[in-house]
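In what follows, a structure is listed as structure tokens, so that the remarks can point back to it.
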Amino acid sequence: MTEPASLARSLLEEGRVEVVVGYRPGTLPLRARPHFAFSPEQAAQFIWDRTCTPDLTVYLPRLKGRRVAVFVKGCDARSLVVLLQERQLSREQLVVIGLECPGVVTPDKLPPEQYQALTSATVEGEQVLLRGGSQLERVPVEQLLADPCRTCQHPDPVIQDYLIPTNCGRREREDPYGVVAQFERLEREERWVRLEREVADCIGCYACRQACPLCYCPDCFTDRFQPRWVGPIWSTSDALFFHLARALHLAGRCVDCGACVRACPLGIDLRHVYKRLEQAVKERFGYVPGLDPEAPPVLGTFRPEDPGDFIK
Amino acid sequence: MSGDGDFQPRVLAFLCHWCSYAGADLAGISRLQYPPNVRVVRVPCSGAVNPLWILKALQRGVDGVLVSGCHPGDCHYLAGNYVARRRLALLKDLLDYVGMEPGRVSFSWVSAAEGQKFAQIIREVTETVRALGPGRKLVKEVATDD
């Protein structure tokens, strides 16, 4: 039995938790899926490898008040910290199983035709073995690595009760704001055109919101009718409004787990916008989200000496 | 609206009840002249201003937005303007980053005694927005029946 499975099994057998939230192999290659184990028998399916991409903390606010064990990678642990900071969960109800994370892969990095032709795939060390019928191809993990993992500054969970170590090597940490600098080099007008083009495909399905562990509001502004913030006639203007408002709501909270980008059926990627706000929060207020469960949310507090250079 | 010469910008100003709104009042009773392009929304505190209001105003075709509150330390609710300052700083950074013109959205601290400063700010904001031309970036071009 794998280490995650035996640990989950013992937690359930000892009655320490009602449910364990983790990963099991998915039906599609390279996509592990969430798994909820309520009994020791169901715990046998748990796995942990580099296909375990989803952020499972998205399921936790709806389990508020219940005793839950959850598997968290570095980024997931940081979103969990934000949920604790915002009192969406209590630390007492949780058993946190930390996963030392070498970075996860996403099949979105493969050309769609190639991915559809796959029958199975496995990750072995730093290689991904792609099998399509009798064909076997090896590609480096690096090629399929999810974007946030390339710049991840905290791959190890910041909170945990148990820790499952990794035996993979650690990556060199790239500049987290490289994508921001790249966009900022463009002319102002060009930046707006790029943003418009990026969101023009948005159909307002709110998959990004649903996938986001920090978009837990039971009444999201997008669902309100009085006032109606977006729609009902959907246009690029609404898409812009929605994405800018979402970015503002995530300012100082987003931990760059990448769930919104992976969830988008139209491939909209606004990660650099969230990164810009993360950078602004760091520069202006010296705050990095998701590190301290006791810290007040950055926009719920202030310092008299905060910069006010932009105010006349 | 025809040429740029005829362009009269519409500026929406969110003024805090305790300072900036009283500052505007003082400008009025002092008979200070300032451009008539500003439409005032009185709010209890600059900390009550939801950044989404500002985006919505731009979407509905306002050419410029001003948010004005009490000077740091003078908030009637003790800390509302400090909280607003953090929030609005991020709105400004976001709008700058995505390519909104600087000057479309402005911020100021105006106390109840600063009628002169209020008139001056309105002059500056109006001229800045006039120079930028009509706000069009976020405008929704769909006919609605409201």
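Computed from heavy atoms alone, side chains included, the values below leave out hydrogens, waters and symmetry copies. Chain identifiers are assigned alphabetically (A, B, ...) following the order of the sequence lines, protein sequences preceding nucleic acid strands; residue numbering begins at 1 within each chain.
Two residues are said to be in side-chain contact when any heavy atoms from C-beta on lie closer than 4.5 Å; A/Phe241 and B/Leu58 fail this criterion. For the pair A/Ser235/B/Glu141, no side-chain contact is recorded, criterion being any heavy-atom separation below 4.5 Å from C-beta on. Between B/Val125 and A/Lys312, the closest side-chain pair of non-hydrogen atoms falls below 4.5 Å. B/Val105 is not listed as a side-chain neighbour of A/Phe310, based on a closest heavy-atom distance of 4.5 Å or more. Taking 4.5 Å as the limit, every side-chain heavy atom of B/Tyr97 sits out of range of all side-chain heavy atoms of A/Leu277. In this structure, the side chains of B/Lys140 and A/Asp238 come closer than 4.5 Å at one or more pairs of heavy atoms.
Neither the backbone nor the side chain of A/Pro227 has a heavy atom closer than 4.5 Å to any heavy atom of chain B. With a 4.5 angstrom heavy-atom cutoff, B/Leu88 touches chain A via backbone and side-chain atoms both. Using a 4.5 Å cut-off between heavy atoms, A/Val193 does not touch chain B at all. Both the backbone and the side chain of B/Lys56 come within less than 4.5 Å of a heavy atom of chain A. A/His249 touches chain B through its side chain: at least one heavy atom from C-beta onward sits under 4.5 Å away, while N, CA, C and O do not. Heavy-atom distances place no part of A/Glu198 under 4.5 Å from chain B, backbone and side chain included. For B/Ile121, the part lying near chain A is the side chain, with the backbone staying farther off; criterion is any non-hydrogen pair under 4.5 Å.
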side-chain contact (heavy atoms from CB on, under 4.5 Å) between A/Phe242 and B/Leu55, intermediate numbers included | CA-CA 10 Å; A/Phe242 166 63; B/Leu55 295 177; over 6 Å; no
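The two residues A/Leu195 and B/Val98 come nearest to each other via the heavy atoms CD2-CB, 3.7 Å. The shortest heavy-atom contact between A/Arg303 and B/Arg85 is O-NH2, 3.2 Å.
For the set B/Glu124, B/Gln59, B/Lys117, B/Arg87, the count of heavy-atom pairs under 4.5 angstrom toward chain A peaks at B/Gln59. When the candidates A/Leu186, A/Thr236, A/Val281, A/Val298 are compared by the number of heavy-atom contacts under 4.5 Å with chain B, A/Val298 comes out ahead. No other option in A/Val230, A/Val273, A/Leu248, A/Leu240 has as many heavy-atom pairs under 4.5 Å with chain B as A/Leu248. When each of A/Pro304, A/Pro307, A/Pro232 is checked for heavy-atom pairs under 4.5 Å with chain B, A/Pro304 comes out on top.
Here the side chain of B/Arg86 pairs no donor or acceptor atom with the backbone of A/Gly300 at under 3.5 angstrom. In this structure a side-chain-to-backbone donor-acceptor pair under 3.5 Å is missing from A/Arg276 to B/Leu94.
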